[in-house]
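Just the heavy atoms: all of them, side chains too, but no hydrogens, waters or symmetry mates, feed the values below.
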Amino acid sequence: MIRTATIIALAFPSAAVLAQQGENGRLQLGQRDRSRPVPPKSEIIVAWQKRQGAINTFRFAWTEEQTHPKGWLSNPRYPERERSAIPGLLVDRSYAVAKTLAVAGDKMRYSFELDRKEEPDGVDIVAQRGGNRGLGVRRNYSYVSVFDGHIGTTRLSSLLDHPPATILQTTANVDAQNLDTRPILMALRPLDAVMGHRLIDRAITNLARTFYRGRSTFLLEERHDPSGWKTILWIEPERDFLVSRYVVSFEQKIIVDVDIDYAQDARWGWVPSGWRVTEMLSDGSRRLVAVAKVTSYSINAPIGAEEFR
């Protein structure tokens with residue numbers, strides 16, 4: 001069972017307290033760390049600026065073991081391309097997805113490959129001999145999103161040479177806020193105006209530290225927007241103010257919950273090594289929908305401009 005947590009918002013968000021969310025959605029207080037104070041927001045920004053300023057380019061590759069469950073809910077803030085492209089209509093679906101992210105300055109390239117085998121998914125495909133409703137179609141394809149600093153392009157291509165690719169152009173970096181890249185971008189581009197935590201101006205720290213996964217953390221909590229959405233970050237001061245948990249909630253209900261693991265690089269400090277994503281479904285239950293593991297990364301190695309075209 002995945003343990004999740006949320007915030008009880010009191011009359012003022014700065015008076016929020018950390019709590020554990022039970023199966024019935026009720027809240028129970030978590031364990032506080034009274035031995036250390038909560039640093040001011042200014043210290044977070046200084047630490048993030050220092051890390052971001054030292055890193056101009058980076059490249060990550062990772063794999064995700066995904067479940068696309070029935071009743072999956074999209075969120076309005078952070079796109080999840082492969083989930084919105086393959087809804088869980090009648091059955092849960094499971095995939096192994098290979099992903100990459102490359103960033104150089106304000107340029108970005110995000111991609112994934114997915115082999116969607118024939119599935120009993122409710123698609124009405126009749127075999128030659130008949131009688132096989134829901135036989136499905138194999139769809140082995142790739143998605144690539146690039147932004148060269150001025151123009152963004154997305155390409156959805158079949159790896160089986162058919163059908164023809166779908167190509168769209170925009171003036172924006174369409175995957176700058178993709179949920180699947182949040183653990184990496186929050187570590188290495190946290191204050192970038194496009195790729196980073198764009199809600200930093202709306203965020204405040206809570207009043208006390210709380211232990212989470214055995215470490216002393218505090219919260220950087222967005223004051224919810226007029227529609228009821230908010231983002232909450234669990235931050236570890238003793239590990240260079242890294243984000244160990246990333247939560248998107250709506251009206252005190254956790255919709256997306258990302259737990260992030262790190263490995264210490266002798267030169268670059270704490271680097272994301274994997275993460276787990278738990279999401280709320282339409283029936284109110286919560287499911288582990290993705291387990292990601294970083295397979296390789298490089299930092300400040302040259303990346304050619306052609307990769308962003």
Check for a donor-acceptor pair, side chain of R209 on one end and backbone N or O of P37 on the other, with a separation under 3.5 Å. yes
So, K230 side chain and E221 main chain: donor-acceptor pair closer than 3.5 Å or not? no
If you compare all heavy atoms of Y262 against all heavy atoms of A187, which two are closest, and at what distance to 0.1 Å? CE2-CB, 4.4 Å
Output a table of donor-acceptor pairs, distance under 3.5 Å, between side-chain atoms of residues 302-309 and any protein atom two or more places apart or on a different chain; print 'none' if there are none.
from, atom 1, to, atom 2, distance (Å)
E307, OE1, R59, NH1, 3.0
E307, OE2, R59, NH1, 3.4
E307, OE2, R59, NH2, 2.9

Is there a donor-acceptor contact under 3.5 Å linking the side chains of S111 and T100? yes
For residues I200 and I44, determine if any side-chain heavy atom of one lies less than 4.5 Å from a side-chain heavy atom of the other. no
Which heavy atom of G196 sits nearest a heavy atom of M186, and at what distance? C-SD, 4.4 Å
Can you name the nearest heavy-atom pair linking L73 to E279, along with the distance? O-OE1, 4.1 Å
Report yes or no: do N173 and Y110 form a side-chain donor-acceptor pair below 3.5 Å? no
Do V144 and L185 sit in one hydrophobic cluster, given that two such residues count as connected whenever their side-chain heavy atoms are within less than 4.5 Å of each other, even indirectly? no
So do T181 and W62 actually touch side chain to side chain, heavy atoms under 4.5 Å? yes
Might you work through the side-chain contact (heavy atoms from CB on, under 4.5 Å) test for V247 and W234, ending with a clear yes or no? CA-CA 8 Å; V247 163; W234 273 246; 3.6 Å; yes
Exceeds 12 heavy-atom contacts within 6.0 angstrom, atom NZ of K50: no
Shortest non-hydrogen contact from R189 to Q52? C-OE1, 3.2 Å
If two hydrophobic side chains count as joined below 4.5 Å and joins carry through other members, does F147 share a cluster with I184? no
Testing the basics here: between T217 and S244, what is the closest heavy-atom pair and its distance to 0.1 Å? CG2-OG, 4.2 Å
Membership question, hydrophobic clusters at under 4.5 Å side-chain separation (ILVMFWY): are I55 and I260 in the same one? yes
Using the rule given for side-chain contact (heavy atoms from CB on, under 4.5 Å), can you reason through V277 versus V256, listing the C-alpha separation, both sets of side-chain angles and the distance that settles it, and then say yes or no? CA-CA 7 Å; V277 183; V256 179; 4.2 Å; yes
Shared hydrophobic cluster, M195 / W268 (ILVMFWY, side-chain heavy atoms < 4.5 Å): yes
So F60 and L188, side-chain contact (heavy atoms from CB on, under 4.5 Å) or not? Walk me through it. CA-CA 11 Å; F60 278 75; L188 305 182; 3.6 Å; yes
Sub-4.5 Å side-chain heavy-atom contact between Y78 and V248: yes
Euclidean distance, W275 CH2 relative to Y246 OH, rounded to 0.5 Å: 13.5 Å
Parallel, tilted or perpendicular: ring planes of F112 versus Y143, cut at 30 and 60 degrees: parallel
Give me the one residue out of V194, D148, V146, D175 that meets side-chain contact (heavy atoms from CB on, under 4.5 Å) with M108. D175
Charged N to carboxylate O under 4.0 angstrom, R286 versus D257? no
So how far is it from L168 CG to S145 OG, rounded to the nearest 0.5 Å? 10.5 Å
Side-chain (D265) to main-chain (R267) donor-acceptor, under 3.5 angstrom: yes
Please walk me through it: do T67 and R287 pass side-chain hydrogen bond (donor to acceptor under 3.5 Å, both in side chains)? CA-CA 9 Å; T67 298; R287 288 279 301 275; 4.8 Å; no
Do R51 side-chain atoms and P190 backbone N/O form a donor-acceptor pair below 3.5 Å? no
Can you tell me how far CG of L220 sits from OG1 of T205, rounded to the nearest 0.5 angstrom? 7.5 Å
For the pair Q66 and E80, evaluate side-chain contact (heavy atoms from CB on, under 4.5 Å) and give the outcome as yes or no after the intermediate values. CA-CA 12 Å; Q66 295 185 351; E80 297 172 82; over 6 Å; no
Can you hop from I45 to L242 via hydrophobic side chains spaced under 4.5 Å? yes
Spacing of OG1 belonging to T63 relative to NZ belonging to K293, to within rounding of 0.5 Å: 7.5 Å
Any non-hydrogen side-chain atom of R77 less than 4.5 Å from a side-chain atom of Q177? no
W48 side chain reached by V243 side chain, heavy atoms, under 4.5 Å: yes
Non-hydrogen side-chain atoms of R215 and E238 separated by less than 4.5 Å: no
Close side-chain approach of F241 to V46, heavy-atom, < 4.5 Å: no
One thing to verify: whether R202 and E222 come together as a salt bridge, which I'm taking to mean a side-chain N less than 4.0 angstrom from a carboxylate O. yes
Might you point out which heavy atoms bring V174 and T154 nearest each other, and give the distance in Å? CG2-CG2, 3.4 Å
Look up atom CD1 in I235 and atom CD1 in I232, then write down how far apart they are to the nearest 0.5 Å. 11.5 Å
Does a side-chain N-to-carboxylate-O contact under 4.0 Å join R213 and D261? yes
So do D180 and V97 actually touch side chain to side chain, heavy atoms under 4.5 Å? no
Would you confirm whether N300, through its side chain, and A54, through its main-chain N or O, come within 3.5 Å as a donor-acceptor pair? yes
Kindly compute the distance separating CG (L156) from CD1 (I167), expressed to the nearest 0.5 Å. 10.0 Å
